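Since we're looking at a predicted model, the values are computed, not measured. Here, residue 1 is the first one in the sequence, and each next residue gets the next number.
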Amino acid sequence: MNRPLALLTALALLGGCQTFAPSEPDGTPPVQEADQKTQLEPSEYGSFSQETLFALLTAELAGQRNRFDIALGNYVQQANATGDAGVAERAFRIAEYLGAEQAALDSALIWAENASGNIDAQRAAAVQLARAGRYDESMTFMEGVLQRQGDTHFDFLALSAAETDPDTRAGLLQGFDRLQSKYPDNSQLLFGKAILLQQDGRAEEALALLESQPSSQTEVSPLLLRARLLQSLKRGDEALPLLEKGIRQHPDDKRLRLTYARLLVEQDRLDEAKGEFSTLVQENPNDDDLRFSLALVCLEAEAWEEAIVYLEELVERRSHVDAAHYNLGRAYEALEDADSALQEYGLVGPSNDYLPAQQRQAELLFAQQRGAEASARLAQAREAQPDYAIQLYLIEAEALSNRSQVEPAWAVIQQGLEQFPNDLNLLYTRAMLAEKRDDLGQLESDLRFILEREPDHAMALNALGYTLADRTTRYEEARELIEKAHQLSPDDPAILDSLGWVNYRQGRLDEAERLLRLALEKFPDHEVAAHLGEVLWAQGKQREARRIWRDALAETPDSSILRGTLLRLTGSETL
């Protein structure tokens, strides 16, 4: 891209004078020669040495040839050497354009120091200091902007502190409080403080601050922040009328309508959300992000045919192409048009949707008893996309294992391990298949191998611990492994289930019941229900055990784990 240094404003060369014409304080270009006759005072130009002028000329030519690194280096060097505000500003603009953070900070400070009356310079220095984490200095410059009644960036200052430590945020908040005491009615300052309070987890205070200010009733940014705060406080029903009022006041504001539409989706008011997104697309026909959002809302609302229309438009417009093909596959699946779904999934290229498309394609083919075709397609995919080979092996093995085809799944994983012998995901999957083959030695060997390389692999710790608790009498060893996994992932319901099960195997029924109830509450799974029912049965709570099993069977009627537990404890697979 041939981009001359338009962002710098061209150097003005004055024949014979070796001078460089500065911009006026208000940013207007220098007066041309024809107009100078009418001025009472002649313009003043900053004189530069021959060395400086040559460096600036070199920078200009370098910029015209897309060598912005040379342009930036020369401008920053001369900004430091001359202290000239105009040169420093140009250095800052180049650095900002290139994303050169240190150069942007250094040149902004030179610019601000040598143009103390220039609001843009003071604001640039404040923003760059905030970006560098120098918040106290940033606040000093920001106050200078505020004193000159310029537009501030207190919101940026607050947002830039989001990832800092609590002490830094507390210090910055003190700075906001100090300025607020001087300028109690400044809406920009109050908005920035509200953002900082939100970032500090003080949503109630932030909301109260905004609601106390008249500007937050009408200005778009405070309205949007109030809506977000209400959502975070689980008061989304209050956010909707607030946004509706804002839309009436600002009917053409895209941000308000988009936030309103997304909130409708969150509240499962999909038909209304669909209407809002449709309006947004009509008003912004070239915005394919909105068109894609509308298609997704249609999918959520099960408006399959309508979703297909918007997704096909995206494909025609060559926008979100892979995601569009993937979601077209989903829509055709819902319409029970398997051939069209397979065709769409096959068109998804390398992207975030590639593996989900491959998985859905495999599941569809296996469901149609076309397992050989599924395996052939996955083999072709591994050949065509070697970067995805491991995941494609896992997809095939999972599809086979889900249909109780353990030996074919085993063969696939073995093939994968021949190609990737130390891949931990393949080894973990082989360990899970080994359990189904009653090969506990192979299971333990693979899981121990994983733990040697990743001692904090919570899934491997839990899998080995659970197997030892369930299939052996090595209970203490099992407990040690599961408790370590629990320390790493204390809220994981699978680990809570294992911990409850090892307590049951050791005769600690009350603790087992507590843990298994917690696991079932977090994850209502048929295996967890089988375990909890068995513990309750052992405690003499047969009626509650039967209720839990009955509820689980209603959700998973083909569960072999539930059926096996029932047969073992009650003598029948049915209740």
Side-chain angles (χ1 to χ4, degrees), residues 322-323 325-327 329-330 333 338 341-464 466-467 485 492 494 527 560:
D322 290 315
H325 281 305
Y326 173 68
N327 285 289
R330 289 178 56 205
E333 262 200 87
L342 288 169
Q343 181 179 351
E344 294 296 337
Y345 288 140
L347 291 171
V348 178
S351 62
N352 290 337
D353 295 295
Y354 179 72
L355 290 173
Q358 292 293 322
Q359 185 174 31
R360 290 305 315 146
Q361 182 177 247
E363 288 293 331
L364 266 177
L365 289 169
F366 274 107
Q368 294 182 329
Q369 308 301 315
R370 296 160 65 184
E373 184 180 347
S375 295
R377 289 197 187 197
L378 288 167
Q380 291 172 1
R382 288 193 288 268
E383 189 72 24
Q385 303 292 340
D387 289 344
Y388 292 98
I390 291 171
Q391 295 95 323
L392 292 166
Y393 278 121
L394 294 170
I395 285 172
E396 185 175 0
E398 181 182 10
L400 290 162
S401 178
N402 288 343
R403 288 160 179 81
S404 299
Q405 299 183 43
V406 175
E407 292 308 316
W410 179 268
V412 169
I413 291 299
Q414 292 291 75
Q415 181 185 348
L417 283 167
E418 287 177 11
Q419 189 175 351
F420 305 99
N422 294 320
D423 182 78
L424 301 189
N425 291 308
L426 292 171
L427 286 167
Y428 183 85
T429 301
R430 185 171 71 175
M432 298 302 96
L433 291 169
E435 192 274 335
K436 294 184 178 182
R437 301 172 85 225
D438 291 324
D439 187 351
L440 300 189
Q442 183 68 63
L443 174 143
E444 184 166 0
S445 174
D446 285 339
L447 293 178
R448 294 286 185 194
F449 181 91
I450 293 170
L451 291 171
E452 283 177 8
R453 281 151 183 77
E454 292 188 13
D456 291 338
H457 195 299
M459 287 176 61
L461 287 163
N462 183 57
L464 182 55
Y466 175 78
T467 303
D492 188 322
E527 186 171 358
S560 60

To the nearest 0.5 Å, how far apart are CZ in F420 and CG in L427?
-> 12.5 Å
Judged by atom type as modelled, is there a donor-acceptor pair below 3.5 Å linking the side chain of S351 to the main-chain atoms of G349?
-> yes
Evaluation steps, side-chain contact (heavy atoms from CB on, under 4.5 Å), between N402 and F366 = CA-CA 10 Å; N402 288 343; F366 274 107; over 6 Å; no
Distance-minimising heavy-atom pair for A341 and G329 = CB-O, 3.5 Å
Kindly give the heavy-atom pair with the smallest separation between Y354 and V348, and that separation in Å.
-> CD1-O, 3.4 Å
Non-hydrogen side-chain atoms of D446 and Y428 separated by less than 4.5 Å = no
Evaluate the criterion side-chain contact (heavy atoms from CB on, under 4.5 Å) for residue pair L392 and L355; output intermediate values, then yes/no.
-> CA-CA 8 Å; L392 292 166; L355 290 173; 4.1 Å; yes
So, do H457 and M459 sit near enough that their side-chain heavy atoms are less than 4.5 Å apart?
-> yes
Are there more than 12 heavy atoms of other residues, nucleotides or ligands under 6.0 Å from atom CG of N352?
-> no
Heavy-atom closest contact (L424 atom, I450 atom, distance) | O-CD1, 3.7 Å
From L464 CG over to L443 CG, what is the distance, rounded to the nearest 0.5 angstrom?
-> 6.5 Å
Output yes when a side-chain donor or acceptor of N327 lies under 3.5 Å from a complementary backbone atom of A323, and no otherwise.
-> yes
Got D439 and L433 here, is their nearest side-chain heavy-atom distance under 4.5 Å?
-> no
Would you please say whether a donor-acceptor pair under 3.5 Å links the side chains of E333 and Y345?
-> yes
Would you find a donor on one side and an acceptor on the other, under 3.5 Å apart, between the side chain of S401 and the backbone of A397?
-> no
Identify the two heavy atoms, one from A460 and one from L451, that lie closest to each other, and give their separation to 0.1 Å.
-> CB-CD2, 3.9 Å
S445 side chain vs G441 backbone, donor-acceptor pair below 3.5 Å = no
Y393 and Q419: side-chain hydrogen bond (donor to acceptor under 3.5 Å, both in side chains), yes or no, with the steps?
-> CA-CA 11 Å; Y393 278 121; Q419 189 175 351; 2.9 Å; yes
Are Q442 and W410 close enough, and set up right, to give a side-chain contact (heavy atoms from CB on, under 4.5 Å), and what steps lead you there?
-> CA-CA 12 Å; Q442 183 68 63; W410 179 268; 3.8 Å; yes
How close do V412 and L400 get, heavy atom to heavy atom, and via which atoms?
-> CG2-CD1, 3.9 Å
Test applied, salt bridge (Lys or Arg N to Asp or Glu O under 4.0 Å); reference residue, E363; option that passes from R330, R403, R377, R370 | R403
Sole candidate of R360, Q368, E373 that passes side-chain contact (heavy atoms from CB on, under 4.5 Å) when paired with L342 = Q368
Should I413 and L394 count as side-chain neighbours, where that means a heavy-atom distance under 4.5 Å?
-> yes
Report yes if the side chains of Q414 and R430 come closer than 4.5 Å at any heavy-atom pair, otherwise no.
-> yes
Mind checking whether E435 and Y466 have side chains closer than 4.5 Å, heavy atoms only?
-> no
Measuring from T467:OG1 to L447:CG, what's the distance to the nearest 0.5 Å?
-> 7.0 Å
Between R437 and E407, is there a side-chain N and carboxylate O pair less than 4.0 Å apart?
-> yes
Tabulate below the donor-acceptor pairs under 3.5 Å that side-chain atoms of residues 378-386 make, not counting sequence neighbours, or state none.
from	atom 1	to	atom 2	distance (Å)
R382	NH1	E396	OE1	3.1
R382	NH2	E396	OE1	3.2

